[in-house]
Amino acid sequence: MKTDKRIDAYILKSQAFAQPVLNHLRALVHAACADVEETIKWGFPHFDYKVEMMCSMAAFKEHCVFGFWKAGLMKDKSLLAVAKSEIAMGHFGKIRSLNDLPSDKKIIAYIQEAMKLNDEGIKIPKKENPDSQKELLIPDYFLKELKQHKPAQKAFDAFSPSCKREYIEWIVDAKTEATRMKRMTQAIEWISEGKKRHWKYERI
């Protein structure tokens, strides 16, 4: 069993109630997956397989948690339901003793399913950026103004959709023509300098 000394130290520093739970979960992971690799990520124990995260565990003052990286792709959707109901990052709820764990057989089956997902190279679907789905409509009058200021045109084209949208909404929301022209002039100046709409509030 290949182990990471950092996880040994993590378990030893955990509360007394947590140590047998963590040791048991660790042993089950190794029993189910001979090629598992132990590591520490984000300050708590992780178990990787085929160079991908598979599952993890953590201990807190009054409970432990255990979860699967690809739980959303696993057959048993109750894993996610439990995590949401407990408002915790684990998929077995808040574990305070060995009695709170599912049977060893069930845990091993979960681990083997997680292994299979890594074996097959199945990835967690990336969340789509809402900005990329929403069509960006640039008013003709603003496009015309940009064309007359090449530096601004170049900088604006390089902006992300969200940055572009902030400027467009600011200009379009003007209540009067005079305000709109004033905002457009200011926008051209800032954009030419590569500044975002809310550049004044950005942390340096």
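Computed from a predicted structure; not experimentally measured.
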Student: Tell me every residue that passes side-chain hydrogen bond (donor to acceptor under 3.5 Å, both in side chains) with D76, counting only those two or more places apart in sequence or in another chain.
Tutor: S78, Y110

Student: If we only count heavy atoms from C-beta on, is the I40 to H46 side-chain gap below 4.5 Å?
Tutor: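 When only atoms from C-beta onward are counted, H46 and I40 do not touch, as no gap falls below 4.5 Å.
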
Student: Taking atom NZ of K2 as the centre, does the number of heavy atoms from other residues, nucleotides or ligands within less than 6.0 Å exceed 12?
Tutor: no

Student: What residues form a side-chain hydrogen bond (donor to acceptor under 3.5 Å, both in side chains) with Y49, not counting sequence neighbours?
Tutor: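 Only D119 meet the side-chain hydrogen bond (donor to acceptor under 3.5 Å, both in side chains) criterion with Y49.
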
Student: Kindly write out the residues that satisfy side-chain contact (heavy atoms from CB on, under 4.5 Å) with Q153, not counting sequence neighbours, or none if the list is empty.
Tutor: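 Residues passing side-chain contact (heavy atoms from CB on, under 4.5 Å) with Q153: L146, K147, D157.
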
Student: Can you list the residues that meet the ring-ring contact (aromatic ring centres under 6.0 Å, His included) rule with F156, with sequence neighbours excluded?
Tutor: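 Partners of F156 under the ring-ring contact (aromatic ring centres under 6.0 Å, His included) test: F142.
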
Student: Sort and list the pairs that fulfil ring pair (Phe, Tyr, Trp, His ring centres under 6.0 Å) and have at least one residue in residues 161-189, not counting sequence neighbours.
Tutor: W170-W190

Student: Any non-hydrogen side-chain atom of K94 less than 4.5 Å from a side-chain atom of D100?
Tutor: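 SC-SC contact between K94 and D100 ruled out.
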
Student: With sequence neighbours left out, what residues match H24 under side-chain hydrogen bond (donor to acceptor under 3.5 Å, both in side chains)?
Tutor: D104

Student: Which residue is it: E52, E113, E120? I am looking for the one with a salt bridge (charged side-chain N to carboxylate O under 4.0 Å, His left out) to K70.
Tutor: E52

Student: Is any side-chain heavy atom of Y141 less than 4.5 Å from a side-chain heavy atom of M184?
Tutor: yes

Student: Filter on side chain to side chain donor-acceptor pair (under 3.5 Å), then keep only pairs touching residues 4-20, sequence neighbours left out; what's left?
Tutor: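 Pairs touching residues 4-20 that pass the test: D4-R6, R6-T39, D8-R26.
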
Student: Can you list everything that forms a side-chain contact (heavy atoms from CB on, under 4.5 Å) with P151? Sequence neighbours excluded, please.
Tutor: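 For P151, the residues satisfying side-chain contact (heavy atoms from CB on, under 4.5 Å) (neighbours in sequence not counted) are S192.
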
Student: Once side-chain hydrogen bond (donor to acceptor under 3.5 Å, both in side chains) is applied, do any residues pair with K41, and if so which ones, sequence neighbours excluded?
Tutor: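 If we apply the side-chain hydrogen bond (donor to acceptor under 3.5 Å, both in side chains) test to K41, skipping adjacent residues, the hits are D48.
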
Student: Assess whether atom CG of D140 is packed by more than 12 heavy atoms of other residues, nucleotides or ligands within 6.0 Å.
Tutor: no

Student: Quick one, L79 with M74, criterion side chain to side chain contact (heavy atoms under 4.5 Å, CB included). Give me CA distance, side-chain angles, the key distance, then yes/no.
Tutor: CA-CA 9 Å; L79 293 173; M74 294 170 71; 4.0 Å; yes

Student: Kindly give the heavy-atom pair with the smallest separation between A187 and I171, and that separation in Å.
Tutor: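 So the minimum-distance heavy-atom pair works out to CB-CD1, 4.0 Å.
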
Student: Less than 4.5 Å apart, any side-chain heavy atom of I107 and any of L25?
Tutor: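 I107 vs L25: side chains touch.
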
Student: Can you list the residues that meet the ring-ring contact (aromatic ring centres under 6.0 Å, His included) rule with H30, with sequence neighbours excluded?
Tutor: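 For H30, no residue satisfies ring-ring contact (aromatic ring centres under 6.0 Å, His included) once neighbours in sequence are set aside.
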
Student: Can you measure from NE2 (H91) to OG (S56) and round to the nearest 0.5 angstrom?
Tutor: 8.5 Å

Student: Does H149 reach the main-chain N or O of E145 with its side chain, forming a donor-acceptor pair under 3.5 Å?
Tutor: yes

Student: Residues in side-chain contact (heavy atoms from CB on, under 4.5 Å) with A174, at least two apart?
Tutor: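 A174 satisfies side-chain contact (heavy atoms from CB on, under 4.5 Å) with T179, R180, R183 only.
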
Student: Suppose we screen for side-chain contact (heavy atoms from CB on, under 4.5 Å). Which residues come up paired with E62, at least two apart in sequence or across chains?
Tutor: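 side-chain contact (heavy atoms from CB on, under 4.5 Å) check on E62 returns nothing, list empty.
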
